[in-house]
Protein chains: 2
Amino acid sequence: MGNGMTGKGRVTIREVAERAGVSMATASRALSGNHPVPAATRARVLRAARDLDYVANAHARALVGGGRKMAAVVVRQVTSPFYAQVAEGVEAEAADRGWLCVVGATGGDPQREMEFVQLMREEGARLVILVGGVVEDDAYRSRVARYAQALDASGGRLVLCGRPAPGPDVPALVVEFDNEAGAKAITAHLLSAGHRRIVFLGALPGNTALDARVAGYRAALAEHGLEDEAAHVVDCGLGRAAGLRAMGELLKGPRDFTAVVAGDDMVAAGALRAIAEAGLRVPEDVSVVGYNDIPLAEDFDPPLTTVRTPAEELGRAAVRIALRDPERAAGTHHLLGTHIVVRRSVSSPGGSS
Amino acid sequence: MGNGMTGKGRVTIREVAERAGVSMATASRALSGNHPVPAATRARVLRAARDLDYVANAHARALVGGGRKMAAVVVRQVTSPFYAQVAEGVEAEAADRGWLCVVGATGGDPQREMEFVQLMREEGARLVILVGGVVEDDAYRSRVARYAQALDASGGRLVLCGRPAPGPDVPALVVEFDNEAGAKAITAHLLSAGHRRIVFLGALPGNTALDARVAGYRAALAEHGLEDEAAHVVDCGLGRAAGLRAMGELLKGPRDFTAVVAGDDMVAAGALRAIAEAGLRVPEDVSVVGYNDIPLAEDFDPPLTTVRTPAEELGRAAVRIALRDPERAAGTHHLLGTHIVVRRSVSSPGGSS
DNA sequence: TGGGGCTTTGAAAGCGTTTTCGTGCCGGAC
DNA sequence: GTCCGGCACGAAAACGCTTTCAAAGCCCCA
């Protein structure tokens, strides 16, 4: 494969042009295809480029072309199954359109988030997708408003996935699952199995995604004619460790519930383990449902009944919607549907007790 | 927050310079800090930049500065827990050094891998990290040799994580776990629990990582004085589905084994389920061990005894080593250690049967 | 007072590409 | 035979920044 590498630096279009015996302008036209070029000339240039192993300098290209197609997706951590799937969706949809996609992890630190967004602005990202629940406070609102305006000013676009828009006048797009409907549906599933005393484990006041799920849970209860006092919400936050601990606490007290709706599958994983450690069985003694249907949910013991949120589709939808209408449909809110997947962690309470 | 956004385009350094009453050169010096500038002048420039919400154009900067600090990590898919952790490690270490990190997913398709590497060359990535097992054939070797040489020619560096180097003269770095030692240790763990008939589930001939694990398994057997015929290797490949199917097949035949070493945790997850579906219990009837210790391994039923491969550390090590000595220590091979984490999926075979 | 170094600053030269503008040329219409 | 439209192509400008080069100002000592 006779590579024509001469020295250190990269091969430039000038060298390609010289070898092909044309001017840089013609070489550029032949290579980028932006302007018609006679087939013979074109072939000569392409041949020369291949011989020299020429790769265009994306920086120079972006500099003159006024930016480049690049999307950035920002998640708390890549190792969370849900975030990873969203990121994969964004990546896939971006790749399909020939866009470059970079993903950044913040570890939940607003400082790192700001740094990363700043970096993306420098790099000329035209699409920044912030995914994942956060606590919505004033700092959050002003921060996101700033991002949105800055991006908007330079022709970019901000998308919030599962995050609230800070205000109606902020030029950001919101794409998320219908958390309220999902939680309502899975709670109704429990209710129609006969459960009446159901606890919601893993709320996180201020996190809009979780708040919506709690609202859905309450709505289902209300629709079944239960008083609001029947609701029992444990604010332990997300994560397996939180679920393990909170469920352990709960089981120390009187067992005045027959089912638990977990804030997400990881909380459910913790709850499952806590229940097992207390010598109880799922679903005979307690029914448990999760949220998100992470890939391993069917390997839990027992396989978990949960709400499937097609996370990859969320990522794809985010870029699809953002790129659809360039005419700034600012502040629009898109809700994606979810559905229940029934496995073996729910039974009728009549069976035991 | 009086932002000085005037129109559409981005604010340039020229406008900052004008507002601060200095030349572009001085503004550049003050902003980039590459050259000393009197404190007073510097403050004026910084003030102007802040007022105008100036962000440097990374493309222009990279163009004149001869590239930019950017690393690319290429994995099969981001949603695999192991790859995700490696990517997170790379991202973290890169971020610590002020590098930008791009992650690409190939879905295992060499075509997409090539496209992505090409794109990274255009973008001027100085570090490309290919992670994940592959089947090593001629196409693979020539492909990787090409990447390595191309990157090397333009001052970049190729790192292979858990992949074989295509040859000793190829300017690539290899960083991986000591798969042979890990598999040997976990097999020895089974042997010292009394198991003698152990099957290895999930081999994939040609994949060097798996091949090394199989070698470690055989070595442990040999060290315990077992003939090589005692080895029973099932070539079903990786993934939960493969484990589920292969284990199911195995259980249809005579049960001539008491323990299984899975190629990785996902295979173990499949095996666990297959065993449960056959009405058998782990570890009473069959002991199972995995490989990698993914985050959910302790939530399996039963919690899985496995080999912990600190994946994030692998990612960090890859960039650390690659950046350590610029003087091209080509072809060097770095092995990272692993250790066993004991949970509850192993018991002595004496108990039952 | 003059001159040698040091600091501060600005003008301008690139970096590698795309694109505009202009020139030369050819074929066809008159 | 002349003129005009269109095609092929090259020269040069532009993109936004960093950095070199040189000039100007300053301080200090002889």
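By convention in this document, chain letters (A, B, ...) are assigned in the order of the sequence lines, proteins followed by strands, and residues within each chain are numbered from 1.
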Next on the checklist: Under a 3.5 Å threshold, yes or no: a donor from one side chain and an acceptor from the other, between A/Q85 and B/T79?
Outcome noted: no
Checklist entry - When all nucleic acid strands are considered with a 4.0 Å heavy-atom cut-off, which category describes B/L63: base, sugar-phosphate, or nothing? => result base
Checklist entry - Is any side-chain heavy atom of A/L158 closer than 4.5 Å to a side-chain heavy atom of A/L173? => result no
Checklist entry - Just how far is it from atom CD1 of B/I129 to atom CD of B/E93, taken to the nearest 0.5 Å? => result 9.5 Å
Checklist outcome for this item: Regarding the side chain of B/T12, the nearest nucleotide among D/dT18, C/dT18, D/dC17 is D/dC17
Item to check | Nearest-Å distance for atom pair CD/P, residues B/E15 and D/dG16 | outcome: 9 Å
Checklist entry - To the nearest Å, how far apart are B/N57 CG and C/dT17 P? => result 16 Å
Item to check | D/dC17 OP1/OP2 closer than 4.0 Å to side-chain N/O of B/R61 | outcome: no
Item to check | Check: A/E312 side chain, A/V86 main-chain N or O, donor-acceptor pair, under 3.5 Å | outcome: no
Checklist entry - Hey, does the side chain of B/R42 reach the backbone of B/G33 with a donor-acceptor pair shorter than 3.5 angstrom? => result no
Checklist entry - Within this structure, what is the CD-to-P distance between B/E18 and D/dG16, rounded to whole angstrom? => result 13 Å
Checklist entry - A/E176 and side chain to side chain donor-acceptor pair (under 3.5 Å): which partner among A/H334, A/H333, A/R163? => result A/H333
Next on the checklist: How many whole angstroms separate atom NE2 of A/H59 from atom C1' of C/dT18?
Outcome noted: 17 Å
Next on the checklist: What is the distance, to the nearest angstrom, from the CG atom on A/L52 to the C1' atom on C/dG16?
Outcome noted: 15 Å
Checklist entry - Whole-Å distance between C/dT18 C1' and A/Y54 OH? => result 10 Å
Item to check | With B/R143 via side chain to side chain donor-acceptor pair (under 3.5 Å) - residues at least two apart | outcome: B/E113
Next on the checklist: Whole angstroms only, please: what is the CZ-C1' distance between B/R68 and D/dC17?
Outcome noted: 14 Å
Checklist entry - Quick one: is C/dT19 close enough that its OP1 or OP2 comes under 4.0 Å of any side-chain N or O from A/N34? => result yes
Distances for protein N/O vs nucleotides 8-10 of chain C N/O pairs under 3.5 angstrom?
| unit_1 | atom_1 | unit_2 | atom_2 | d |
| --- | --- | --- | --- | --- |
| C/dT9 | OP1 | B/T41 | OG1 | 3.3 |
| C/dG10 | OP2 | B/S23 | N | 3.0 |
| C/dG10 | OP2 | B/S23 | OG | 3.0 |
| C/dG10 | OP2 | B/T26 | OG1 | 2.7 |
| C/dG10 | N7 | B/R29 | NH2 | 2.8 |
| C/dG10 | O6 | B/R29 | NH2 | 3.2 |

Next on the checklist: Students often get this wrong, so: under 4.0 angstrom with heavy atoms, is B/A62 touching a base, only sugar-phosphate, or nothing?
Outcome noted: nothing
Item to check | Interatomic distance where CD belongs to A/E123 and P belongs to D/dC17 [whole Å] | outcome: 13 Å
